[in-house]
Amino acid sequence: MTQELSQLLRTRREKLAALRERGIEPYPYAFSRSHRTDEVHAGFTRAEAGGSLDESGDGDTVRVAGRIVSWRSHGKSAFGHIEDGGGRIQLYFRLDALGEDSFKDLELLDLGDWIGVKGPVFRTRTGEVTVRAGSWTLLSKSLRPLPIGKEEVDPDTGERVVYSAFADPRTRYRQRYADLAVHPEAREMVRMRTRTISALRGFLDSRDFLEVETPILQPIYGGAAARPFTTYHNALDTTLYLRIADELYLKRLIVGGFERVYEIGKDFRNEGIDRSHNPEFTMLEFYQAFADYYDMMEVVEALMRHVVRETTGATALTYQGHEIEFASAFRRIRFQEALSEKLDGDVSQMEVDTLRAHLRAHTGEEIEEGGRGRLLDKLFGALVESELIQPTFVTDYPVELSPLAKLKRGEPTLTERFELFVAGWELANAFSELNDPLDQRARFESQARLAEAGDEEAHPIDEDYLRAMEYGMPPTGGVGIGVDRLVMLVTDSSSIRDVILFPTLRPEEGRAG
RNA sequence: GAGCCGGUAGCUCAGCUGGUAGAGCAACGGACUUUUAAUCCGUAGGUCCUGGGUUCGAUCCCCAGCCGGCUCACCA
């Protein structure tokens with residue numbers, strides 16, 4: 001945006017100067033508000049029903065404040081709407097009520113300005129509850145036009161139709177403040193996100209889980225297969241990583257004697273960005289001593305029901321056109337059986353070459369490194385995942401894929417692990433936590449071999465974690481849940497960027513225009 | 001990372017086979033004291049994403065790049 005282009009900005013600055021000339025402070029310090037707009041609506045409707053209005057039909061005098069979102073000037077009168085945290089209300093300004101000067105000063109206002117208004121509440125001829133301004137105060141002058149669209153309410157459907165809406169996704173994500181300012185539904189998303197997280201906390205707190213905080217800056221990252229962000233601590237003269245998972249620290253706390261712990265916080269993975277991935281994202285992990293993965297399935301099922309009920313008020317929801325039901329018991333399928341069915345043969349008996357051939361046949365992809373686990377995982381992702389619309393526990397993953405999970409009882413090529421799939425993507429990941437320090441060391445070592453073979457996401461060896469395991473960790477069930485994806489689900493959002501207030505973007509070049 | 005689509009006024013968009021651009025809303029001036037996409041009259045507003053090329057001439061065609069959307073890949 002160039003200087004010449006700023007005709008609109010210049011006009012507003014001129015108005016700012018004019019306001020000061022007329023003795024109006026454009027940025028005062030406070031305003032004594034008596035009612036939020038929704039309280040005015042409710043109060044006036046009550047007064048009408050109770051017959052407590054004066055002869056002219058006016059209700060109480062109120063002081064309301066908000067951002068101007070519409071304006072209709074009629075010469076010696078004007079209508080406008082302001083919006084505050086409770087909603088909107090119409091304002092009515094008259095020359096005879098305000099006097100020459102105050103009425104004339106209205107012409108220095110713009111859409112986007114914050115004002116406070118004092119006056120009685122009444123209902124207009126067309127039936128809208130309105131504050132008749134006896135006086136008004138500028139609370140903050142807006143120097144940059146907000147992309148406020150015009151809107152009308154369809155008289156037949158009652159739906160709000162917005163014209164010239166602010167739609168460019170680039171600007172909406174970059175200037176989230178503007179997006180929020182003009183889109184009430186974007187603000188509603190934020191509330192739903194908060195409600196979701198409160199529901200998670202409520203559920204875990206009521207079950208005696210202790211909320212804790214573990215390091216984000218870590219000398220060794222771990223707990224997941226992902227590439228980390230690397231940073232540097234000057235005073236310690238050492239490399240540190242931003243955590244990719246909370247897992248290893250939370251289990252150290254189980255060793256320390258806490259039976260139930262959880263953490264809700266940001267994890268960071270140095271990977272691509274798309275509709276379901278943001279480099280920093282919010283993860284819930286919780287660990288419960290003396291529980292195995294069967295117990296954790298029960299917990300996850302109850303937790304999901306609780307969250308859906310607390311956020312949507314129902315036991316089912318619609319996500320991108322799919323009706324998803326949480327009331328009945330979640331389906332359970334075994335990883336290898338689901339895949340074997342798709343491939344028409346027992347995958348546990350298949351050679352690596354056969355798997356590779358299947359992958360080529362189904363996806364056209366060639367995988368050289370990574371071995372069996374990676375092939376199985378890719379095949380599962382390609383053939384099974386997208387069909388898992390209703391809540392489904394996928395259980396018993398191959399050991400190669402799960403270096404932190406206990407072996408499956410009676411089936412040592414598998415682990416006691418499950419993932420919860422909803423709407424085609426992974427929402428939770430859980431296992432009977434591996435607490436055998438010698439087995440854990442062996443698993444780490446096999447991961448290290450994968451790393452040497454070029455797998456950039458293989459799990460590094462964490463000696464301190466092994467030391468903790470050697471002191472002894474009770475049998476423990478652990479679960480991780482992607483909070484952003486959970487919020488996407490309950491808000492019917494198709495992109496993770498819609499549920500993260502300030503998603504990661506390439507930095508803007510130059511100064512903001 | 002690949003394919004497809006797109007980037008034109010503050011916002012939403014139009015612009016024929018190449019002749020340096022339009023609309024609605026917003027803005028500005030005027031009329032209007034119960035309007036609500038207020039209405040009516042008038043005015044101004046543009047690095048047509050950026051850089052090259054072709055051409056007498058490019059918003060339009062070609063090449064490269066940047067940014068975004070969708071699909072796929074990546075992402076336990």
Side-chain angles (χ1 to χ4, degrees), chain A residues 1-2 4-12 14-15 70-81 88 90-98 103 107 110-112 122-128 130 132 144-154 160-174 178 182 223-227 244-245 269-279 281 335 363-365 370 373-374 376-378 380-382 385 394 397-398 400-405 415 417 419 425-426 429 431 456-459 480 482 494-495 497 505-506 508-509 513:
Chain A
M1 316 275 161
T2 58
E4 303 79 52
L5 204 160
S6 65
Q7 182 205 41
L8 291 164
L9 303 187
R10 213 167 45 237
T11 305
R12 293 210 174 191
E14 284 161 12
K15 287 183 181 178
S70 73
W71 195 262
R72 297 172 294 284
S73 163
H74 296 268
K76 297 190 175 65
S77 74
F79 288 88
H81 282 87
R88 292 181 176 194
Q90 182 166 253
L91 306 175
Y92 178 41
F93 300 87
R94 294 172 60 104
L95 173 61
D96 55 9
L98 289 171
F103 191 82
E107 68 193 27
D110 286 295
L111 295 183
F122 73 110
R123 198 179 279 278
T124 62
R125 186 189 290 160
T126 51
E128 181 159 351
T130 301
R132 184 191 295 114
R144 183 181 289 270
L146 275 170
I148 296 173
K150 289 212 164 192
E151 41 182 82
E152 68 176 336
V153 177
D154 189 309
R160 229 173 54 183
V161 187
V162 183
Y163 300 86
S164 305
F166 177 38
D168 178 17
R170 195 178 0 186
T171 319
R172 291 188 59 183
Y173 296 135
R174 260 188 216 291
V182 303
R227 270 182 285 172
I244 57 172
R269 297 187 184 175
N270 208 337
E271 290 162 355
I273 299 176
D274 66 21
R275 233 172 31 264
S276 60
H277 296 84
N278 195 61
F281 60 101
F335 180 91
T363 70
E365 240 186 306
R374 189 166 151 80
L376 288 171
D377 189 47
K378 291 198 69 88
F380 191 86
E385 281 184 12
V394 176
Y397 283 68
E400 304 94 307
L401 290 175
S402 315
L404 297 162
T415 54
R417 171 182 177 187
E419 291 192 347
W425 21 265
E426 179 198 341
N429 179 26
F431 19 92
E456 291 186 71
E457 293 174 353
H459 206 294
S494 62
S495 168
R497 286 183 167 186
L505 302 167
R506 186 181 299 281
E508 269 181 288
E509 295 205 1

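Order of the sequence lines fixes the chain letters, A, B, ..., with proteins taken first and strands second; residue numbering starts at 1 for each chain.
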- Query: Rounded to the Å, how far apart are A:Ile148 CD1 and B:G24 P?
  - Reply: 21 Å
- Looking for any heavy atom pair under 4.0 Å, which part of the strands does A:Asp96 touch: base, sugar-phosphate only, or nothing? base
- Query: Are A:Lys150 and B:A38 close enough that a side-chain N or O sits under 4.0 Å from OP1 or OP2?
  - Reply: yes
- P gap between B:C66 and B:U54, integer Å: 23 Å
- Message: Please check this pair: side chain of A:Arg497 against backbone of A:Pro169, looking for a donor-acceptor N/O pair closer than 3.5 Å.
- Response: no
- Tell me what A:Arg275 touches on the nucleic acid: a base, only sugar-phosphate, or nothing, going by heavy atoms under 4.0 Å. sugar-phosphate
- Task: Go through the steps to decide whether A:Phe335 and A:Arg417 satisfy the test side chain to side chain contact (heavy atoms under 4.5 Å, CB included), and finish with yes or no.
- Result: CA-CA 10 Å; A:Phe335 180 91; A:Arg417 171 182 177 187; over 6 Å; no
- A:Arg170 CZ to B:G68 P: how many Å, rounded? 7 Å
- If you measure from the P atom in B:U59 to the same atom in B:C16, how many Å do you get, rounded? 13 Å
- Query: Is there a donor-acceptor pair under 3.5 Å between the side chain of A:His459 and the backbone N or O of A:Gly223?
  - Reply: yes
- Checking all strands, does A:Arg172 fall into the base, sugar-phosphate, or nothing category for heavy-atom contacts under 4.0 angstrom? nothing
- Task: Could you check which nucleotide pairs with B:C32 in any of the strands shown, counting Watson-Crick or G-U wobble with both distances under 3.5 Å?
- Result: none
- Task: Using the P atoms only, state how far B:C28 lies from B:G22, rounded to an integer number of Å.
- Result: 24 Å
- For atom P, what is the distance between B:G45 and B:A37, given to the nearest Å? 31 Å
- Answer with base, sugar-phosphate or nothing: what part of the nucleic acid does A:Pro403 contact at a heavy-atom distance below 4.0 Å? base
- Give one of base, sugar-phosphate or nothing for A:Ala226, where a contact means two heavy atoms less than 4.0 Å apart. nothing
- If you look at every heavy atom in A:Ser70 and A:Arg72, which pair is closest and at what distance? OG-NH1, 3.4 Å
- Message: So for A:Ser77 and B:U34, does any side-chain atom that can act as donor or acceptor lie under 3.5 Å from a complementary atom in the base?
- Response: no
- Message: Heavy atoms only, 4.0 Å cut-off, all strands: where does A:Glu426 land among base, sugar-phosphate and nothing?
- Response: sugar-phosphate
- Using a cut-off of strictly less than 4.0 Å, decide whether A:Arg123 has a side-chain nitrogen or oxygen near OP1 or OP2 of B:U34. no
- Candidates A:Tyr92, A:Phe93, A:Phe79 - the one meeting ring pair (Phe, Tyr, Trp, His ring centres under 6.0 Å) with A:Trp71: A:Phe93
- Task: Identify which nucleotide among B:A76, B:A27, B:U34 has an atom closest to any side-chain atom of A:Thr11, counting heavy atoms from C-beta outward.
- Result: B:A27
- Query: When you measure from the side chain of A:Arg269 to the backbone N and O of A:Ile244, does any donor-acceptor pair fall under 3.5 Å?
  - Reply: yes
- Gap between atoms NZ and P, on A:Lys15 and B:A27 respectively (whole Å): 7 Å
- Query: Does a nitrogen or oxygen in the side chain of A:Arg72 sit under 4.0 Å from OP1 or OP2 of B:A38?
  - Reply: yes
- Message: What's the closest nucleotide to the side chain of A:Asp110 if the choices are B:G69, B:U33, B:C28?
- Response: B:C28
- Closest-nucleotide ordering on RNA chain B, the 5'-leading residue of A:Ser402 and A:Thr171: A:Thr171
- Message: Over all strands shown, is A:Ala167 touching base, sugar-phosphate only, or nothing at heavy-atom distances under 4.0 angstrom?
- Response: sugar-phosphate
- Looking at the side chain of A:Thr124, which of B:A76, B:U34, B:G69 is the nearest nucleotide? B:U34
- Message: Can you measure A:Asp168 atom CG to B:A9 atom C1' for me and round it to whole angstrom units?
- Response: 15 Å
- Side-chain-base donor-acceptor pair under 3.5 Å for A:Gln90 and B:U35: yes
- Message: What's the gap between B:A21 and B:C48 when it is taken at their P atoms, as a whole Å value?
- Response: 11 Å
- Note on the structure: To the nearest 0.5 Å, atom CZ of A:Arg227 lies from atom CG of A:Asn270 at 7.0 Å
- Against the side chain of A:Phe122, the closest entry in B:A73, B:A26, B:U34 is B:U34
- Message: When the C1' atoms of B:U20 and B:U55 are compared, how many Å lie between them, rounded to an integer?
- Response: 14 Å
- Item | Gap between atoms NE2 and C1', on A:His74 and B:U39 respectively (whole Å) | 9 Å
- Message: For A:Pro147 versus A:Val182, what's the shortest heavy-atom pair and its separation?
- Response: O-CG1, 3.9 Å
- Task: Using a 4.0 Å heavy-atom cut-off across all strands, classify A:Phe281 as base, sugar-phosphate, or nothing.
- Result: nothing
- Query: Start at the 5' end of RNA chain B and walk down; is the nucleotide closest to A:Ser70 or to A:Thr130 reached first?
  - Reply: A:Thr130
- Protein-nucleotide distance (A:Phe79, atom CZ; B:C32, atom P), rounded to Å: 16 Å
- note: A:Arg125, atom CZ; B:U35, atom C1'; distance rounded to Å ~ 9 Å
- Name the pairing partner of B:A44, where a pair is Watson-Crick or G-U wobble with both distances under 3.5 Å, or state none. none
- Query: For B:G51, which nucleotide in any strand shown is its Watson-Crick or wobble partner with both distances under 3.5 Å?
  - Reply: B:C63
- Among B:C28, B:U34, B:G69, the one nearest any side-chain atom of A:Arg132 is B:U34
- Query: Nearest-Å distance, CZ (A:Arg144) to P (B:A27)?
  - Reply: 17 Å
- Just name whichever nucleotide pairs with B:C13, Watson-Crick or G-U, keeping both distances under 3.5 Å, else none. B:G22
- Expressed as a whole number of Å, how far does the C1' atom of B:G6 sit from that of B:A38? 35 Å
- Message: If I pick the C1' atom on B:G19 and the same atom on B:G24, what distance separates them, to the nearest angstrom?
- Response: 27 Å
- Partner of B:A2 by Watson-Crick or G-U wobble geometry, both contacts under 3.5 Å, or none? B:U71
- With side chains defined as the heavy atoms from C-beta onward, is the minimum distance between A:Pro145 and A:Leu111 less than 4.5 Å? no
